[in-house]
Each structure stands twice: as structure tokens, then as C-alpha cells.
Amino acid sequence: MKKKNKQKSTKLAASDLQKIGFPAGKPLGTALNIIHTYYTDLGKNHQIELLQDVMAAPDQYQLHATLGPLAQAILARNETKPVDLKQERQEYKVYGAEGIQEGAFQQMEIAMCLPVTHAGALMPDAHQGYGLPIGGVLATLNAVIPYGVGVDIGCRMSMSIYDIHHGFLNKNREELKKMLMDNTRFGFTSFKKPMYHEVMDRHEFSEIPIVHELKDRAYQQLGTSGGGNHFVEFGTVEIQDANNEFGLPLGTYLSVLSHSGSRGLGANIAGYYTKVAMDVCRLPLEAKHLAWLDLDTEAGQEYWMAMNLAGDYASACHHQIHQRLSAALGTEPMATIENHHNFAWKEKDAKGREVIVHRKGATPAGKGVLGIIPGSMATPGFIVRGKGDPASLNSASHGAGRVMSRTQAQKTLSLPDVQKQLKKAGIEVIGSSLDEAPMVYKDIHKVMASQEDLVEIVGTFQPKIVRMNGDEKYMEVD
DNA sequence: ATGTCC
């Protein structure tokens with residue numbers, strides 16, 4: 001451990017430059033590149049001194065053979081006018097406030113002071129994130145905030161309902177487990193030969209340089225799920241609404257539910273355009289991750305196209321997951337439901353004005369819009385129909401929301417206890433780990449109760465065989 | 001969320 005720190009400290013890092021107040025964004029990135037390309041032989045202290053000299057008098061270094069680009073980046077930044085937050089923040093509606101921690105409110109309040117903010121709302125599963133809280137909904141005017149969309153662009157839910165009686169599940173557990181093992185991939189694993197999908201032919205892959213760089217890995221990761229809270233699971237779904245849109249008779253069916261996003265593609269698009277935004281939109285420190293791109297600029301248009309591509313890519317991954325599992329089951333689904341919950345949409349507000357609605361961990365819930373709100377690996381998820389509550393900006397929660405951080409879960413929970421609870425509930429889990437155990441989430445029933453104005457329940461899903469990222473034997477019971 | 005500090 002000590003060795004590692006010592007090694008790290010000899011190489012100039014972003015943190016060293018932040019300490020001396022070096023401007024974040026492009027100047028910092030350029031500085032590191034130049035130092036690590038041309039000045040590796042210089043000691044760290046001398047490297048810092050050199051950069052401080054450029055920072056103090058960038059105009060004198062503009063034409064310097066190696067330091068010129070850095071000087072220009074600093075000058076460009078100095079020319080960018082800082083953006084002030086509004087003194088008075090706009091009001092926003094909160095659902096299920098009693099279950100939301102202070103950090104999420106604070107972040108939402110900063111977001112409500114942005115000069116581009118039009119309206120906002122906080123969902124009952126809200127918790128702290130980067131910039132906008134997870135569970136935050138923010139409508140802006142002609143501006144898109146990359147971290148208002150989130151890192152996993154287009155992350156979504158997808159469900160297939162089969163004309164198979166739910167009793168099939170208990171009789172065929174081993175076969176279904178094998179289907180999940182054969183047809184899903186998590187984390188750093190992928191399929192040997194990914195299945196073709198037309199999303200890979202999209203022009204954005206050749207027209208946007210950053211997106212072009214990400215194409216090969218995106219192809220390799222097609223049809224895969226990621227890590228963290230991503231899952232693919234078999235379960236039962238009980239259709240409770242006789243007037244459901246699918247024309248399904250009331251009853252309980254076999255179903256597949258998946259949760260995942262745009263993998264490396266979306267994550268890298270998010271990271272890249274957040275940096276671009278922070279270069280052109282200089283916000284006070286506490287708001288810096290809310291940097292936005294004006295949609296009338298080239299960068300704004302480019303992000304919008306890249307974001308939409310990442311969303312469609314996430315959708316393609318889900319479709320392939322369900323396509324593979326349907327083939328393994330030897331049948332086609334009777335009904336499918338899909339919704340993203342990390343995205344920005346062009347929508348109209350109540351007065352007909354076009355706004356950019358960011359939903360960062362929030363389910364679209366316009367009147368009559370169907371969506372899926374998952375609970376946890378052991379608790380129910382819900383097929384929901386939006387009621388179109390304007391105060392929520394036509395949104396609802398995207399899950400139960402965490403009550404315990406990942407590190408806290410690893411520290412305080414007991415694996416045998418969790419295994420015992422899963423066994424008792426008749427739920428098998430492949431992979432995953434303690435930081436996704438059911439008790440790290442809020443009570444989904446309470447969360448649903450706090451958003452009765454936002455959605456009505458069409459059906460209830462109960463997970464039975466769950467696959468997540470991690471050692472496949474880890475959560476195994478018996 | 002992510003081959004996770006440029």
C-alpha cells in the first residue's frame with residue numbers, strides 16, 4: 001500500500017495541480033499531457049514551478065514550442081466569463097421527502113439556481129450523485145447538462161412477458177439458470193462474437209470523432225450488461241389491471257426483466273462532454289458538475305446526437321438480451337415494456353414552451369406512458385402507467401433508492417444473513433455482492449405510496465432468478 | 001456508471 005502511494009506521488013497528477021489552484025478542465029488536461037510528454041526528466045517540484053510560471057504569465061508562452069498550447073488554453077479560459085448562480089432559487093416539488101437525505105436536497109437546490117433552469121422536481125428514491133442528484137428531474141431552456149443526464153446515458157429497464165405459466169419457473173430452475181449464464185454477460189466479460197445490430201451502422205459513429213474512437217469497444221460490448229445495480233432476471237409478473245394496454249388476461253406469467261445502460265460508450269461520451277461543458281461554462285465550485293452546453297452551439301448539438309446514439313445503443317443491448325433469452329425459451333414474448341431513466345428529452349411545459357427535461361434516475365410518467373420501476377433483487381418491481389402530474393414534470397422514481405452506501409453495505413452486512421433471507425424468499429442470485437443486498441434499498445412499497453399521484457400500478461413483478469455482475473457463486477445458497 | 005486519475 002505504501003509503495004503504491006510512493007509510486008503515485010512521483011508522477012505529476014491532476015490532484016497535485018488542483019492543490020496549487022490550477023484551473024480545471026482543458027488547461028489542467030493540457031498541462032498533464034505536456035508534462036508527461038516533454039518534461040518527464042524534470043523533478044515534480046520543477047514541473048509544478050514551470051506550470052506556475054505559465055499560469056502567471058500565459059501571454060508570454062503563447063508561441064512556446066511545447067508550452068504554447070497550455071498558454072493558449074489558459075488564455076481561452078481567462079476570456080470565458082464566469083457564470084453566476086441566481087440569488088433566489090426556484091421552487092421544486094419533492095415526493096417522499098421523509099426518506100430523502102440532506103445531500104440530495106442540497107444538490108437539487110443548487111440546480112434550481114442555475115440561470116438556465118426552468119423547473120425541477122425530486123423523486124422519492126433520490127440520493128446524492130455528481131451534479132444533479134440521482135432521482136432529480138430538471139427542465140432547462142435550450143441547454144443540456146451532461147451530468148444532468150448521468151454517466152450511464154440511456155440506462156433503462158426492459159421487460160418481456162411470456163405466454164408461459166409462472167409454475168414453469170419452479171420446475172425448471174436449473175435450465176433457467178443456465179439460460180442466464182449462456183445468454184448474458186456482465187462487467188468486463190462479453191460475447192466471443194457479438195450479434196449484429198443495425199445501431200452499429202449509425203452515421204454518428206463515423207461523424208463524431210469521440211464517438212468514432214469508442215466504436216470498436218461498443219461493438220464488443222453489444223448485448224452485455226454492466227456492473228453495479230445492473231441485472232437480468234427471470235421472475236413472475238402478475239397483471240392486475242384488466243384494461244391493460246397489452247390485452248393480457250389477468251394472471252401471473254413468466255417474465256424477463258433487465259436493467260442496464262450504454263456501457264463504455266455512454267460513460268465515455270458523458271465524461272468527454274462534461275469536460276467540454278466545464279470548459280465553456282465556468283460555474284462556482286459547488287455547481288461545477290452542472291456545467292451545461294448551449295443547444296445552439298456545435299458542442300451542444302454534438303452531445304445531443306451522441307446522447308441519442310448512446311440511448312439507442314442501450315436499447316439495442318436490451319433487445320439482444322431479450323432476443324437471446326426468448327430464443328432459449330423457444331417462444332416470443334406476448335408483451336414488451338421498455339423505458340429509459342437517464343436521459344434528456346425535448347418536451348413542452350404546461351404553457352407549451354419547449355424545455356429540455358433531464359431525468360437522472362427518473363422514469364418518464366406522462367399521462368398513459370408505461371414504465372417499469374424495479375425494487376431490489378428480492379422485492380417486487382412494478383409495471384406502471386404515468387398519470388402526467390405536471391409538478392413532477394411527468395416523472396416518477398426509477399427504483400427504491402439506496403439507503404446504504406456500497407462501502408457501508410460491505411462493512412456492516414453479513415453474507416450468511418443475506419443468503420438466509422434470499423433462500424427464505426425463494427430467490428436465487430448468480431453473481432452480485434453485499435452492496436446490492438435487498439436491505440441497502442428503501443422499502444419499495446413506501447416509495448410507491450409516496451408517488452401515487454405520479455403513477456398507477458398495472459402489474460407486479462417478483463424476481464426469482466437474478467443474475468448480476470460478480471463471482472457467479474458468491475450469493476449462492478445451500 | 002466506467003478497463004473507474006485526464
Side-chain angles (χ1 to χ4, degrees), chain A residues 4-5 7-19 22-37 44 47 51 69-70 73 77 127-136 146-157 185-190 210-211 213-214 216-221 224-231 258-279 288-289 291 306-307 310-311 313-314 317-318 340-343 358-362 398-399 401-402 405-407 432-433 435-436 468-470:
Chain A
K4 205 178 171 188
N5 285 337
Q7 266 179 356
K8 214 179 177 182
S9 69
T10 55
K11 193 175 173 184
L12 189 71
S15 55
D16 297 316
L17 297 182
Q18 275 156 2
K19 263 180 230 156
F22 205 87
K26 198 168 183 178
L28 198 151
T30 311
L32 285 176
N33 276 337
I34 291 172
I35 291 294
H36 295 145
T37 308
K44 192 163 144 180
Q47 291 173 335
L51 293 175
L70 171 61
R77 185 189 155 87
H127 51 104
Q128 215 172 323
Y130 272 112
L132 196 66
I134 321 292
Y147 270 4
V149 168
V151 175
D152 191 1
I153 298 171
C155 184
R156 67 189 59 210
M157 302 302 305
R185 294 289 183 276
F186 285 81
F188 300 144
T189 67
S190 58
I210 169 76
V211 175
E213 280 176 39
L214 300 168
D216 289 347
R217 186 151 41 106
Y219 173 67
Q220 191 52 48
Q221 292 183 326
T224 67
S225 312
N229 56 5
H230 289 176
F231 61 77
S258 53
H259 173 222
S260 56
S262 51
R263 312 294 281 108
L265 177 66
N268 282 282
I269 290 171
Y272 175 83
Y273 286 99
T274 292
K275 276 185 208 150
V276 174
M278 291 199 300
D279 277 334
K288 68 172 183 178
H289 286 126
M307 176 194 77
Y313 173 84
C317 290
H318 278 266
H340 26 359
H341 50 223
N342 276 15
F343 213 62
H358 302 72
R359 292 189 182 87
K360 184 184 190 179
H398 81 314
R402 294 189 82 90
S405 71
R406 292 183 185 281
T407 43
S432 191
S433 59
D435 49 11
E436 284 298 325
M468 300 183 85
N469 186 34

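Being a predicted model, the structure only gives us computed values, none of them experimental.
- Between the C1' atom of B/dT4 and the CZ atom of A/R217 lies a distance of 11 Å, rounded to the nearest Å.
- Note: NE2 (A/H36) to P (B/dC6) measures 9 Å, nearest angstrom.
- When heavy atoms are screened at a 4.0 angstrom cut-off, A/G150 is found touching no nucleic acid atom at all.
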- request: Apply side chain to side chain donor-acceptor pair (under 3.5 Å) to A/H230 and A/S225, showing your working.
  value: CA-CA 6 Å; A/H230 289 176; A/S225 312; over 6 Å; no

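- Side-chain atoms of A/Q47 never come within 3.5 Å of backbone atoms of A/I35 as a donor-acceptor pair (strictly under, hydrogens ignored).
- Using a 3.5 Å distance cut-off with no hydrogens or angles, the side chains of A/T274 and A/H289 do not pair a donor with an acceptor.
- Residues passing the ring-ring contact (aromatic ring centres under 6.0 Å, His included) test with A/Y273, sequence neighbours excluded: A/Y303.
- Rounded to a whole Å, the OH atom of A/Y130 is 12 Å from the C1' atom of B/dT2.
- Checked against B/dG3, B/dT2, B/dC6, the side chain of A/Q221 finds its nearest nucleotide in B/dG3.
- Mapping A/G187 and A/K275 onto DNA chain B by nearest heavy atom places A/G187 at the nucleotide closer to the 5' end.
- The distance from atom CG of A/N268 to atom C1' of B/dG3 is 10 Å, rounded to the nearest whole Å.
- At the heavy-atom level, A/I153 lies nowhere under 4.0 Å from the strands shown.
- No contact: A/G261 has no heavy atom under 4.0 Å from any strand.
- Qualifying ring-ring contact (aromatic ring centres under 6.0 Å, His included) partners for A/Y272, counting only residues two or more places apart in sequence or in other chains: none.
- Taking atom CZ of residue A/R263 and atom P of nucleotide B/dT2, one finds them 5 Å apart after rounding to whole Å.
- When each of A/G228 and A/A14 is assigned the nucleotide of DNA chain B bearing its nearest heavy atom, the one mapping closer to the 5' terminus is A/G228.
- When rounded to the nearest whole Å, the span between NZ of A/K288 and P of B/dC6 equals 16 Å.
- A/D216 has its CG atom 14 Å from the P atom of B/dG3, to the nearest Å.
- Contact annotation for A/Q220: no contact, since no heavy-atom pair falls under 4.0 Å across all strands.
- For A/Y147 and B/dT4, the OH to C1' distance is 11 Å, given to the nearest whole Å.
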